[in-house]
Amino acid sequence: MNLLEHFVGGKLISGSSDRKSKVFNPATGEQESEVRLASKTDLDKAVEVAQKAFETWSLKPSLQRARVMFKFKELIEKNADELTKLIVSEHGKVYEDAKGSLTRGLEVVEFACGIPHLLKGEFSENVGTNVDSWSMRQPLGVVAGITPFNFPAMVPMWMFPIAIACGNTFILKPSEKDPSCPLRLAELLTEAGLPDGVFNVVNGDKEAVDAILTNKDVKAVSFVGSTPIAKYIYENSAKNEKRVQALGGAKNHLVVMPDCDLDGAVNGLMGAAYGSAGERCMAQSVAVAVGDIGDELVARLSKKAEALKVGPGMDKTSEMGPLVTKEHLEKVKSYVDLGVEEGAKLVVDGRNIKLQGYENGFFIGGCLFDHVKKDMRIYKEEIFGPVLSVIRVKTFEEATKLINDHEYGNGVSIYTRDGDAGRTFASKIQVGMVGINVPIPVPMAFHSFGGWKRSLFGDSAMHGAEGIKFYTKLKTVTSRWPSGIRSNAEFVMPTMK
Ligand code: NAD
C-alpha cells in the first residue's frame, strides 16, 4: 500500500505517529493509499524547522524570493498533467475541471511573482520640520494553512505563494482525503530553489490542527473548510493570540429574472450547480425563479440535468465525476431523501445511477428539486453535492430579501438584461462575491476571495491585496537627522506649530 508521509525541511519524513487514514480513488471506490496522521510532537517539530528557516528566508531580498516563484510557475506548467491526474485520482472531479483549478492556483503564483512591487511601502518627506516618515510591511514568521478536500491544489495556492513570497515560512495541513497533490507541490517548490524548511506539509486530522492552534510560534492561521470548523479555528486562533482568516461553507443563489437570456441562465446554472459534482464552495445550489419564469426554467433545467454525462474523471466525455468518499455520497443521498420528506418536488432523481465498470465508485447523478421553500432544511443547509433547488418568488425585492436572510453569504449571481436591477442587486446584496450574468463569480488572483456572514470568520479575504496585508505586519518609522534635532526637552504632545 502506498504510504503518504509528511514533507518537512525539504524531504519526506515519517514522524512519530503510526495513526493513518485511508485515501480512495472515488471513481473505482478502491483504496489507493494511506496517509500518515501527525501527532502534536510531529507538528511542533515541523514548526521548529520552519522557525529556523524563517531567520534567513525573511532576510532574502524580495526579488530573490520572486525568482523562486517564477521558477515554481514554470515547474507547475511543466508538470500540469501529472498534478491534474493526482487531483482526479483522489478527488474525483473531471480532468479539465481539475486542470482549471490548478490554473486558478497558478494565477496566485503569478501574482506573487510581483512581490517586490507589492511590498513597496509609503514615504512622506517632512511630516514635521526635518522629520520624514515611511511605512513598510514585514513578514509575520511561521504561518499555517489548513485546507479542505475540494480543491487540493487551488485552495493551498490561495495561501502559500503569497505567504512565502512575503518572507514567511509555511506549514500546510491539507485535507487527509486528497494529500498527494500538495505533497508534489512541495517537491516542486524545492526544485524551484526554495530553501529547505520554508514550505512544509504536515498531514493529519484534528490532532495536527489543534497542535497548530496551540503552538505559540505559529503567528497566523488561514483556514478553508466547513462553517463549524471555521468557527472553531477562528475562536481558538484568536484565543491563542494568532492572526486568523477562516473561510466556511456556503449556500449560493442564482437569481433568474423574467427578462434574462434564459438559455444563458440555464447553461450557467448547469455548470455552476453540477460542475465538480457540486463540491465547490461557489457552487450555485439554489435557483431563485422570479415572477412567472419558474415553469420554463424547470422544464429546461430538467432536460439538461437528465442528460448530464456522469462518469470517471479521466474519461474525456464525462461532465461530472463521483463524490469524494462513500460517507459523503451517503450524506448527499440522505439530503435528497430529506427533500422528498419535506415536500419539495424531486423533478430529477440521480440517486440510483449505476455505471458499468464503476459499480463501487461514489457516483450520484444530478438531482433537481422544484417548489423548495425557505424553511426546508435542504434550502437552509449546505449539501455539497449535485443537488439544485428551485425556489419561486414573486418579485426582485423578495429574491434579495430571501438571500439577505440566509446565514451564508459566499457567492451570488443575477441573470438579467435590466442594468438597474443588476446595479441595485450588486449594491444591496449581503454577499461577498457577486456575479451579474456570470454564474460563478470567483475573483481573479489580483482581487481577493472571501464571503460574508457565516462564510468567513475574520477580517481578511484571501489573495490579492488582502493576502499581502494578512501575511505581513505594518511598521511605520519616523526619523530625524542631527541638523533637525531639538536642543530642548519637550513635555507636551508634539503637534505641528
Ligand atoms: P472540513 O471542515 O471537514 O475540513 C477542512 C479541514 O479541517 C481539513 O483539513 C480537515 O482535516 C480539518 N478538520 C476537519 N474536522 C476537524 C476538526 N473537528 N477539528 C479540526 N480540524 C478539522 O471541510 P471539507 O469537507 O474538507 O471541505 C468542504 C467544506 O469546505 C464545505 O463546507 C465548503 O463549502 C468549504 N469550502 C469553503 C471555501 C470558501 O472559500 N469559503 C472553499 C472551499 C471549500
Side-chain angles (χ1 to χ4, degrees), residues 19 21 23 26 35-38 40 43 90-93 101 104-105 108 144-159 171-179 181-182 201-214 221-237 244-252 275-285 323-325 327-329 331-332 335 381-385 407-412 431-433 440-443 448-458 460-463 466-467:
R19 289 194 310 122
S21 176
V23 180
V35 58
R36 218 182 268 280
L37 303 175
K40 175 167 167 41
L43 188 280
E90 293 180 352
H91 177 280
K93 63 179 84 185
S101 72
R104 294 306 294 257
V108 183
I146 303 161
T147 52
F149 79 82
N150 66 323
F151 286 108
M154 182 183 83
V155 170
M157 284 202 274
W158 283 354
M159 305 170 181
I171 307 280
L172 174 66
K173 206 303 284 169
S175 169
E176 59 276 42
K177 295 184 181 117
D178 44 14
C181 190
V201 180
V202 176
N203 287 304
D205 55 4
K206 181 169 167 49
E207 183 171 345
V209 170
D210 285 343
I212 289 172
L213 301 180
T214 51
V221 177
S222 300
F223 173 87
V224 176
S226 58
T227 286
I229 312 295
K231 186 163 186 285
Y232 173 81
I233 301 286
Y234 176 70
E235 289 173 352
N236 284 281
S237 300
V244 56
Q245 51 180 181
L247 278 59
K251 194 83 182 177
N252 305 313
S276 196
E279 291 170 323
R280 289 182 183 146
C281 66
M282 289 292 275
Q284 296 287 5
S285 49
L323 292 173
V324 69
T325 58
E327 294 70 40
H328 192 52
L329 173 65
K331 181 178 156 194
V332 172
Y335 266 112
E381 297 173 19
E382 182 183 44
I383 300 175
F384 222 55
E407 72 167 300
Y408 294 118
N410 213 39
V412 73
V431 175
M433 293 171 281
I440 313 180
V442 174
S448 299
F449 184 107
W452 285 16
K453 297 191 273 186
R454 302 192 81 233
S455 295
L456 193 158
F457 299 87
S460 325
M462 298 218 170
H463 61 68
E466 298 237 332

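Both counts, for ligands and for their atoms, begin at 1 and track the order of listing.
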Could you tell me which non-hydrogen atom of Y408 sits nearest to which non-hydrogen atom of T227, and how far apart they are? CE2-OG1, 3.2 Å

Protein residue, atom and distance nearest to atom 40 (O) of ligand 1, heavy-atom basis: F449 CE2, 3.0 Å

Looking at side-chain heavy atoms only, is the closest gap between Y232 and L213 below 4.5 Å? yes

Taking distance alone, with N or O pairs closer than 3.5 Å, would you say V209 contacts ligand 1? no

Of the choices C281, A246, A250, which has the non-hydrogen atom that lies closest to atom 38 (C) of ligand 1? C281

If you count the non-hydrogen atoms of other residues, nucleotides and ligands that lie under 6.0 Å from NZ in K40, is the total more than 12? yes

Please indicate whether any nitrogen or oxygen in D205 is less than 3.5 Å from any nitrogen or oxygen in ligand 1. no

Backbone N/O of V442 and side chain of R104: donor-acceptor pair under 3.5 Å: yes

Note the single closest protein heavy atom to atom 19 (N) of ligand 1, along with its residue, its atom name and the distance in Å. K206 CG, 3.5 Å

Taking the inter-plane angle between the rings of F384 and H328 on a 0 to 90° scale, is it parallel (under 30°), tilted (30 to 60°) or perpendicular (over 60°)? perpendicular

In terms of residue, atom name and distance, what is the protein heavy atom nearest to atom 41 (N) of ligand 1? G248 O, 2.7 Å

How close do S175 and P148 get, counting heavy atoms only, and between which atoms? CB-C, 3.5 Å

Ligand-side contact atoms (ligand 1) for residue partner V224, heavy atom cut-off under 4.0 Å: 5 (C), 36 (N), 37 (C), 38 (C), 39 (C), 40 (O), 42 (C), 43 (C), 44 (C)

In terms of heavy-atom contacts, G248 and A230 come closest through CA-CB, 4.0 Å

Are K231 and E235 close enough for a salt bridge, meaning some N to O gap below 4.0 Å? yes

For atom 35 (C) of ligand 1, which candidate among G249, A208, P148, G225 holds the nearest heavy atom? G225

As a check for students: among K177, E382, M433, identify the option with a heavy atom nearest to atom 31 (C) of ligand 1. E382

Check whether any N or O atom of K173, backbone or side chain, sits under 3.5 Å from an N or O atom of ligand 1, and answer yes or no. yes

Under 4.0 Å to a heavy atom of I146 - the qualifying atoms of ligand 1, by number: 6 (C), 7 (O), 9 (O)

Do any heavy atoms of G451 fall under 4.0 Å from ligand 1? no

Close-contact set for ligand 1 against F384 heavy atoms, below 4.0 Å: 28 (C), 31 (C), 33 (C), 34 (O)

How close do N410 and S455 get, heavy atom to heavy atom, and via which atoms? N-OG, 3.4 Å

Whether K173 side chain and G204 backbone form a donor-acceptor pair below 3.5 Å: yes

Kindly identify the option in W158, Y408, F223, F149 whose heavy atom sits closest to atom 5 (C) of ligand 1. F223

Exam field: side chain K93 to backbone N150, donor-acceptor pair closer than 3.5 Å: yes

Which atom of V324 lies closest to which atom of E279, heavy atoms considered: N-OE2, 3.0 Å

Relative to ligand 1, is N410 under 4.0 angstrom through side chain, backbone, both or neither, heavy atoms considered? side chain

Report the part of E176 in contact with ligand 1, treating N, CA, C, O as backbone and CB onward as side chain, heavy atoms under 4.0 Å; options are side chain, backbone, both, neither. side chain

Could you pull out, from T147, I229, N236, the option with a heavy atom nearest to atom 6 (C) of ligand 1? T147

For atom 2 (O) of ligand 1, grab the closest protein heavy atom and report residue, atom and distance to one decimal in Å. S226 OG, 2.6 Å

Pick whichever of V442, I383, N150, L37 has a heavy atom sitting closest to atom 44 (C) of ligand 1. N150

